[in-house]
There are 2 protein chains.
Amino acid sequence: MAEFAIASGISRPTVSKYFNDPNSVRQSTRAQIEEALGRFDYQPNIYAVNQNRQMTKNIGIIVPYLADPFFAEMVRSIERRCIDAGFSPSLFSSHGEQVLENSILQSLRAMKPAGVLFAPLGRESDKSAIETFCSNVPTVLFDSNIEGMGEAFIGSDNHSFVSQTVDYLTRTGEAPAFLEMKHPANPNANKRRDAYLSVMKERQLEPHVLSIEGAGWGFEEIGRQGGLKILEEGRLPTNTILCSNDRLAIGFLAACFEKGIKVGRDDDCDMRVASHDDHPFSRFTCPSLTTAAHDYTSVSEYSVETLFRLIDSGGRLEKREEILFPAKLIMRESA
Amino acid sequence: MAEFAIASGISRPTVSKYFNDPNSVRQSTRAQIEEALGRFDYQPNIYAVNQNRQMTKNIGIIVPYLADPFFAEMVRSIERRCIDAGFSPSLFSSHGEQVLENSILQSLRAMKPAGVLFAPLGRESDKSAIETFCSNVPTVLFDSNIEGMGEAFIGSDNHSFVSQTVDYLTRTGEAPAFLEMKHPANPNANKRRDAYLSVMKERQLEPHVLSIEGAGWGFEEIGRQGGLKILEEGRLPTNTILCSNDRLAIGFLAACFEKGIKVGRDDDCDMRVASHDDHPFSRFTCPSLTTAAHDYTSVSEYSVETLFRLIDSGGRLEKREEILFPAKLIMRESA
DNA sequence: AGACAAACTTTACCCGTGTAAAAATACATA
DNA sequence: TATGTATTTTTACACGGGTAAAGTTTGTCT
């Protein structure tokens, strides 16, 4: 930087000031520096910069499973907002494994990020590791909540998701049975089942929960296997199935297809299937999937905004915030 | 670190040595440091560390489009291998945009990584920006090749993909027509079309290429729209369609379903559809998709190995290497 | 032109760690 | 126990830039 400062004819401290905020120097100085920048391709050493700054301009983003396009979409939106605000996002995926989640947490602490947007694994998470992390790094949880951890949680209102699908299905045909994994990884799944039970009770309908076996993050295959089993055993209490999430539904639809069961809302169909999430692929299932959509934009926007507010207020909020966005029903061909 | 050194009763330079390689200090010293590490939770400041090291332990990974589960899978495998080798992977997605790809390249240069694994956008890439980058940072290209850039390219052998699918389809029914995007983003697409033409010629069959409109990375929707148009116009030269890639095929299958066209290899089916990639979702289409599978493991393993070799040899290889892995035919229900 | 504030230059020290050189100590072997 | 080697300690400087203080220049306003 010293060399570059000489080359540009400006003193090093002023050049340093320029790189921290180009608007903090006089217009003519800025032009002079930028002219020199055109001649030499100098850029400050980020390691030296971050070592001296009290706080880096990095923001950590952790998602549980990047092979799920839902998270890929969230990430895209979040990264963009961080960059626009002058931060450098660093993306990490736990790939469904606690060990990885913990090691990400550790290396993220070493990065001293200004803040972290964190979608935890859920049931598989190491609560105490997360607690330690959150008390050291300004953290906003999203998508999947762990009570009391982080300064805020931004997610979707599972009750809104389920009540909309249940009401729609009930209005247009038989009341739905609820298909879910017996031991779901994601805490939203439990909230959705509870919401299903409560909504059915409110509407004075008899609930049916179909819990299928399977562990891990290969939801499609779990849904398919579980679906095949249910269909073979013929233990369907209704002709309408509401899946806990779209990936499960994708597998279930595959099972129906294999069994020659026609899914859809026409008279000649055997079964209706609906679900939750509006997964990027749910538009392309056969038939296309009726589902309750996340408000992707609001969740990502509000998560990032909350994190910025948290950073501005020094890493602590007055009290833990929890914001849930309602779903939007997407009616397609499957129900 | 000075404080921690005093607390552990070991001198600072030795502690520094320990953190660079725990085996480089005497066993008793190591034990003493690790005992102290249990009492205090000290970890070296990565920024100070990287500032002084001639080379960091970071490895950059760039993919063109993370919302495509194919890349998510690749990334998972690559990250794991990097971590196991003691490196810290940093993941970036260009999200299909040249501007983003260029800014990733720039911030990656500032990170002074030991090496970079780079799957470029392809047609949308800024060749000169990539050339500059590759001449400054040890880079291995994967998945999508740009002639002459980087020290090596590791990918899939498109000819192997196409010849296997064409031969299989021809052996079991009508010869296929080839469905592709008119202006594909990914260079593999062009290679596949050329391979289709050459294979058909070799087999003395008449080739039919169906080029559909559409730009960007929303392949499913492009395949669906293109499919609808083709089916409506009834301009199908054969009953067998070979799609350039699985995502296009997923959209095409949706179009067939919408049009009431039965896809599969049974006698009562109207059409056969096959494709290339073995996309993680192709198992769950209706019907399940017959496709030529990437050798995910080999590609990721060999990419990483090549990068390590490149790093060890100081950032240059004797000559640019190009390794292509053959496909494996996956026969499922669609053809 | 004079006065004042804003911006800049100069100088100097700081951050936390890598690393080299010389001296001191520990360990292993005969 | 003597000797040689492997480690460690001590001391010192380097890395590249943030930042504070004091003095100087520039620009603006009356």
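Throughout, protein chains are lettered first and strands after them, A, B, ... in sequence-line order, and every chain is numbered starting at 1.
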Nearest to side-chain heavy atoms of A:Met1, which nucleotide of D:dG18, C:dC15, C:dT17 | D:dG18
Of all the choices, D:dG16, C:dT17, C:dG18, which nucleotide is nearest to the side chain of A:Ala48 once you look at every atom?
-> D:dG16
Presence of salt bridge, B:Arg109 and A:Asp41, under 4.0 angstrom | yes
Does A:Arg80 come within less than 4.0 Å of B:Glu97, counting only side-chain N to carboxylate O?
-> yes
Look at the side-chain N and O atoms of [X] and state whether any lies under 4.0 Å from the OP1 or OP2 oxygen of [N].
X       : N      : value
A:Asn20 : D:dG18 : yes
A:Ser16 : D:dG18 : yes
B:Tyr18 : D:dT7  : no

Euclidean distance, atom [atom1] of residue [X] to atom [atom2] of [N] [Å, nearest integer]:
X        : N      : atom1 : atom2 : answer
B:Gln51  : D:dG18 : CD    : P     : 11 Å
A:Ile46  : D:dG18 : CD1   : C1'   : 16 Å
A:Glu3   : D:dG17 : CD    : P     : 10 Å
A:Asn45  : D:dA14 : CG    : P     : 18 Å
A:Lys112 : C:dC15 : NZ    : C1'   : 11 Å
A:Lys17  : C:dT10 : NZ    : C1'   : 15 Å
A:Tyr47  : C:dG16 : OH    : P     : 18 Å
B:Asn50  : C:dG18 : CG    : P     : 10 Å

Given side chains that start at C-beta, do those of B:Asn20 and B:Ser16 come closer than 4.5 Å, heavy atoms only?
-> yes
B:Ser90 side chain reached by B:Ile61 side chain, heavy atoms, under 4.5 Å | no
Aromatic centroids of B:Phe142 and B:Tyr302 separated by under 6.0 Å | no
Are the aromatic ring centres of B:Phe70 and B:Tyr65 under 6.0 angstrom apart?
-> no
With sugar-phosphate meaning primed atoms plus P, OP1 and OP2, does A:Val15 contact a base, only sugar-phosphate, or nothing at under 4.0 Å between heavy atoms?
-> nothing
Which residue pairs satisfy the ring pair (Phe, Tyr, Trp, His ring centres under 6.0 Å) criterion with at least one member in residues 14-44 of chain A, sequence neighbours excluded?
-> A:Phe4-A:Tyr42, A:Phe19-A:Tyr42
Would the number of heavy atoms belonging to other residues, nucleotides or ligands and lying under 6.0 Å from CD of B:Glu35 be above 12?
-> yes
Got a sec? Which of residues 26-35 of chain B come in under 4.0 Å of DNA chain D, heavy atoms?
-> B:Arg26, B:Thr29
Supply the atom-to-atom distance B:Gln32 CD to B:Arg26 CZ, rounded to the nearest 0.5 angstrom.
-> 10.0 Å
Are any protein N/O atoms closer than 3.5 Å to N/O atoms in nucleotides 10-13 of chain D? If there are, list each pair with its distance.
| residue | atom | partner | partner atom | Å |
| --- | --- | --- | --- | --- |
| D:dA12 | N6 | B:Arg12 | NH2 | 3.4 |

